[in-house]
Amino acid sequence: MAKLNLNGKTLDIAVDGDTPLLWVIREQIGLTGTKYGCGVAQCGACTVHIDGVATRSCALPISAVTEDQKIVTIEGLSPDGSHPVQKAWIAHDVPQCGYCQSGMIMAAAALLQANPKPTEADIANEMTNICRCGTYPRVKAAILDVAASGTLGRG
Amino acid sequence: MTSASLTKPSRRTLLAGSAAAAGAFTFGFSIPFAGEAKAQALDTVKEINAWVVVKPDDTVVIRIARSEMGQGTLTGLAQLVAEELNCDWSKVTTEYPTPGQNVARNRVWGDFSTGGSRGIRSSHDYVRKGGAAARTMLIQAAAAQWNVPAAECAAEKSVITHKASGRSLRYGQVAEAASKLEAPKEVALKDPKDWTIAGKPLPRLDTVPKTNGTKIYGADLKMPGMLNAAIKDCPVFGGKVKSFDAAKISSMPGVKHVLPVGDTAIAVVAETWWQAKTALDALPIVWDEGENAKVSSESIAAWLKEGLDAPQAVVGNQVGDVKAAIAGAARTVEAVYSYPFQNHATMEPMNATALWTPERCEVWTPTQNGEAALAATAEASGLPLAKCEAYKIDLGGGFGRRGATHDWVRQVVLIARQVPGTPIKLLWSREEDMTHGRYHPTTQCKLVGAFDKDNNLTGLHMRISGQSIVAGLFPQNIQNGRDPVVFQGLNPPGPEASIGYGIPNLLIDHAMRNPHVPPGFWRGVNLNQNTIYLECFMDELAHSAGKDPLEFRRALMKNHPKHLAVLNAAAEKAEWGKTLPDGVFRGICQTMGFGSYVASVAEVSVSTDGKLKIHRIVAATDPGHAVNPAQIARQVEGSFVYGLSAALYGECTVKDGRIVEENFDTYNVLRLDEMPVVETVIVPSGGFWGGVGEPTIAVAAPAVFNAIFAATGKRVRAIPMRNTDLRRA
């Protein structure tokens, strides 16, 4: 039995220690906003925050996660979808099919939290998630919008 | 370990939003191929027509037959209906009718197939008529209530007014009365110049759930008692399962069943998918790899190469006598190009959920063609069609993979038949998805251009050798050895996929060579490689003639004004001919397909160590009518990501009869850091309805390759570009 701190709650999880965090989130905890795309930490659809850092959960065994690490999924990013990144995503109508967008949003939110004024080069370096629909221009524009608004930062 | 609490049945969740179930009224309208004007209700609600539902609170539910996979068709089709309905756009929602309902109602919603960029272009007429008919009936109902002629009444933003008396009624107040009226026999449609909802860059209707994790994809479905399945099909196409040792994994955590799926695949069914996949990976399977076990990319390429000069080929387009033109030429130019297999690589791997009992079989799946999913369900279930249903779920990417074949649906039904009464969710691993695709076909092309002594192009021969998608998927549609779509973008003058050049002697022919790797319709289909072949070679011809690539094309396009206008639009926006910064070079190209005319200009630089940077793309498109310019811009941008991924990296190689690349680490795709600025120029000329999801993919690669030549003097002829060394000594 492992304990996880996820979206502000402590949960007891009984699962094989090799199980990736992604599948614990999706199948044990039942939150499906975090997606499976590749299983080898390539595409970023499974991105969550661990202590504020964007982390690809599909290749991270649950045994490597400790109780005092704070995990946040797309469902926990804001109570009502009002995180500045989510609002910018809606304003720019970023998603197409949307499957990669939970991961995109989590990656963008972590980037902006760590670096509230990213340059275009910073965004290009940090946003390595794959989107097959091709939303990259809108992703970049939305991130730059949040940066310009100054609503995120370490404070 | 069992899963944490399971939420409500997915079917209920999926249907809870149904307007029919919510007790509203629907308006019927007879479309040419629908055998009923007054249909039976969806579920229990009476209705007048299929496309529009108005609830008492004025909410308008618009039924969408096509599938939403990111391309925005849900919003675009709703705009067309709402435009004619004159309803309040802020109160519009949408829902899918089910394939089974369409069958039961004599296909009142027409074709569900969502491919070929035809969501809007082949249903605009009847969905608009559906909206117009509903408006007419709502006005009639109000007029009857007021006892005035309907002609004295008008409707705007879901409010009907009688100007003379100053009275008004909301749509929701007369919906029930309107639902009882006869559908009008004929309705007039608005002139697109009068549009106020259609033609506008409205936000999508489906964005918010995609930003907060609540959007449910097929891979996310949960049902009470559901078990999860992972599958391995024979890695060699055409091979079979020889044996497997279920006892080795039967005691692994969560494992419930180890099942054969047809004679080619094995599935493990477990409590969770991760358990199923883990056990499957540990399962000893012996394959009978069959006759294709020695096939390789090299052996396929050699076979296709033989076709480049083979005496027999099917003619797709012929003008004059190209052989005489080449024989009598002052000089000729020749080149050979090649295009590899490519995987669609949708972000959401193939998946479906099935519940089979001896009485009924239901499937929930992301599909580009609900009716084909239903047919696959019935065929695999052993039950009559009427005892089956398929529920469409929005797709986590489609790109053609989820339309023509429903191999994963067949699999899940074959699994569920062995576990009656238990819902089974089958999800492919990325590795299964990469190695069991329906691939972009592989072809080669030999081009020979003939010039006279005055440097005029007098002849062009394009010999395509290679795979036919139609032969692989619908062999009954091959006519006299001819695949009707293999010549996309190269056809004689006409409304679809026609060549944009007038060349006095022209021959385009195809020597069909079908390797064992299964082909599929891949976003852009044959327009992709055909445009690379033709447009890169036009660039070669222009340079060999010492002419500007734009001027060289223009001289050949005098009788192709729509192609030419779009080419000019791209060139103008890109300021073709104007000096660029040092080290930056341009390339240009154009084509026509899926009903639309497209062109692009790329600006690139290539470092001395061979690294490409694409700075800017200008893409022009003439889709006839532009239903949502904002969505068109997004589709164009996205199509360049798809097209450039294919051009730079996309290649599935074959070794020992199987696909080598298993994941994104070896099947690379474009990421944000490589994304150029894409400027979309929309030049709708009216009078026709073209698609937007695919055409501009075809002008991604040629413009970039032509710009690379301008920068380096090197031609990219073997796609993808990673096979060409761009380093300069």
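Nothing here was measured: the structure is a model prediction, and the numbers come from that model. Protein chains get the first letters and strands the later ones, always in sequence-line order, with residue 1 at the start of each.
- Both the backbone and the side chain of A:I130 come within less than 4.5 Å of a heavy atom of chain B.
- Put simply, the side chain of A:R132 gets close to the backbone of B:H344: a donor and an acceptor are under 3.5 Å apart.
- At least one side-chain heavy atom of A:Q28 sits less than 4.5 Å from a side-chain heavy atom of B:T272.
- Residue B:W274 is tested with A:T19, A:L22, A:V15, A:V24 for a side chain to side chain contact (heavy atoms under 4.5 Å, CB included); the sole match is A:T19.
- With values rounded to the nearest 0.5 angstrom, A:C97 atom SG is found 10.0 Å from B:Q71 atom CD.
- The choice from A:M127, A:R26, A:Q101, A:E120 that makes the most heavy-atom pairs within less than 4.5 Å of chain B is A:R26.
- Looking at heavy atoms from C-beta onward, B:D673 lies out of side-chain contact with A:T128 at the 4.5 angstrom threshold.
- For B:L395, the part lying under 4.5 angstrom from a heavy atom of chain A is the backbone only.
- Among B:G72, B:S639, B:S429, B:P676, the residue with the largest count of heavy-atom pairs under 4.5 Å with chain A is B:S429.
- Side-chain contact between A:R138 and B:R634 is present, with heavy atoms from C-beta onward closer than 4.5 Å.
- When side chains are defined from C-beta on, A:Y136 counts as touching B:V641, because their heavy atoms get closer than 4.5 Å.
- At a threshold of 4.5 Å between non-hydrogen side-chain atoms, the residues B:R430 and A:Y36 count as touching.
- Neither the backbone nor the side chain of B:D394 comes within contact range of chain A; no heavy atoms are under 4.5 Å apart.
- For the set A:C100, A:C131, A:A124, A:A121, the entry with the most heavy-atom pairs within less than 4.5 Å of chain B is A:A124.
- Of the two parts of B:F399, only the side chain, counted from C-beta on, holds a non-hydrogen atom closer than 4.5 Å to a non-hydrogen atom of chain A.
- The shortest heavy-atom contact between B:T211 and A:W89 is CG2-CB, 3.9 Å.
- Of the atoms belonging to A:I13, not a single heavy atom falls under 4.5 Å from chain B.
- With a 4.5 Å cut-off on side-chain heavy atoms, A:D93 and B:Q631 count as touching.
- For the pair B:K222 (side chain) and A:T32 (backbone), a donor-acceptor distance under 3.5 Å is absent.
- The candidate from A:E75, A:Q86, A:Q42, A:K87 with the greatest count of non-hydrogen atom pairs under 4.5 Å with chain B is A:Q42.
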